[in-house]
Amino acid sequence: MAKTKQFTIAVDNQPGAVATIARTLGDAKVNILSLLGTSQGTGGTVQLIVEDPRRAKKALDAARISYQETPAESYDLSNKPGALAQCLNQLAAKGVNLSSIHATAAKGGKKAVVVYTAEAAAKAAIATA
């Protein structure tokens, strides 16, 4: 488990919207570790985890890209059936209500990574400790 920051950015649902964010961070030498984008109608949301949140904030501010910063948890899991369910059951048993979640694993890889935000960051910290 690692504490991190999740950046949530509202975007227009149009070609290049996510590319602009990626280019801004890339030009600032900020490595994107995780990204989730969704759209609905004319708008969308991009949620991302970066290697250096401080540098990301500076780059996004300089580019006048508005964002919301939220405490998040990153958790490594075994890449096997049921691992995510077990992790989520532990959080639920502790009363942690998730606000957002995304997970990824490479096919054939040994580990998966889940990133989540919770209504009460303190509850999440206790639950995964």
Side-chain angles (χ1 to χ4, degrees):
M1 172 193 70
K3 294 183 184 307
T4 188
K5 300 286 183 180
Q6 177 174 283
F7 291 89
T8 302
I9 302 169
V11 296
D12 292 330
N13 185 7
Q14 63 185 22
V18 179
T20 298
I21 296 166
R23 184 175 47 256
T24 297
L25 295 173
D27 289 348
K29 306 292 188 229
V30 175
N31 190 28
I32 298 171
L33 301 174
S34 172
L35 183 141
L36 170 67
T38 58
S39 67
Q40 185 172 4
T42 61
T45 303
V46 174
Q47 296 175 324
L48 43 93
I49 304 295
V50 297
E51 206 162 20
D52 187 340
R54 189 177 57 106
R55 187 180 289 170
K57 288 170 55 171
K58 187 175 177 180
L60 294 170
D61 289 342
R64 296 189 175 176
I65 297 174
S66 297
Y67 58 87
Q68 179 182 2
E69 185 180 3
T70 308
E73 299 284 338
S74 174
Y75 193 73
D76 291 344
L77 304 172
S78 296
N79 186 10
K80 64 180 184 181
L84 179 60
Q86 182 180 2
C87 172
L88 296 176
N89 284 335
Q90 289 172 348
L91 291 172
K94 298 287 186 177
V96 176
N97 191 28
L98 301 177
S99 298
S100 69
I101 183 169
H102 56 277
T104 189
K107 184 176 180 178
K110 298 224 183 270
K111 76 172 189 172
V113 177
V114 62
V115 176
Y116 61 88
T117 61
E119 286 184 354
K123 281 187 179 180
I126 291 168
T128 57

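Because only heavy atoms are used, hydrogens play no part in the values below, and waters and symmetry mates are left out as well, while side chains stay in.
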List the residues meeting salt bridge (Lys or Arg N to Asp or Glu O under 4.0 Å) with [X], not counting sequence neighbours, and say none if there are none.
| X | value |
| --- | --- |
| K58 | none |
| K5 | none |
| D27 | none |
| E69 | K57 |

Less than 3.5 Å apart, which donor and acceptor atoms pair up between the side chains of residues 100-114 and the rest of the protein, not counting sequence neighbours?
from: S100; atom 1: OG; to: Q6; atom 2: NE2; distance (Å): 3.3
from: S100; atom 1: OG; to: T117; atom 2: OG1; distance (Å): 2.7
from: H102; atom 1: NE2; to: S34; atom 2: OG; distance (Å): 2.5

Just how far is it from atom [atom1] of [X] to atom [atom2] of [Y], taken to the nearest 0.5 Å?
| X | Y | atom1 | atom2 | value |
| --- | --- | --- | --- | --- |
| S99 | Y116 | OG | OH | 11.5 Å |
| Q14 | S39 | CD | OG | 12.0 Å |
| L91 | N89 | CG | CG | 9.0 Å |

**Asked** Are L98 and L77 grouped together when hydrophobic residues (ILVMFWY) are joined by side-chain heavy atoms under 4.5 angstrom apart?
**Response** yes
**Message:** Please check this pair: side chain of D52 against backbone of R54, looking for a donor-acceptor N/O pair closer than 3.5 Å.
**Reply:**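 Yes, because the side chain of D52 sits within donor-acceptor range (under 3.5 Å) of the backbone of R54.
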**Prompt:** Where the side chain of N13 meets the backbone of G41, is there a donor-acceptor pair that is under 3.5 Å apart?
**Reply:**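 Yes, the answer is positive, given that a donor and an acceptor are paired below the 3.5 Å cut-off.
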**Request:** Please write out which residues are connected to I32 in a hydrophobic cluster, directly or through intermediates, given that two of Ile, Leu, Val, Met, Phe, Trp, Tyr count as joined at side-chain heavy-atom separations below 4.5 angstrom.
**Result:**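 Grouped by the 4.5 Å side-chain rule, F7, I9, V11, V18, I21, L25, V30, L35, V46, L48, V50, L60, I65, Y67 form the rest of the cluster around I32.
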**Request:** Locate the shortest heavy-atom distance separating S78 from A83; write the atom from each residue and the value.
**Result:**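 Answer, listing the atom of S78 first, then A83: O-CB, 3.2 Å.
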**Prompt:** Where do L88 and Q90 land on the side chain to side chain contact (heavy atoms under 4.5 Å, CB included) test, with the steps shown first?
**Reply:** CA-CA 5 Å; L88 296 176; Q90 289 172 348; over 6 Å; no
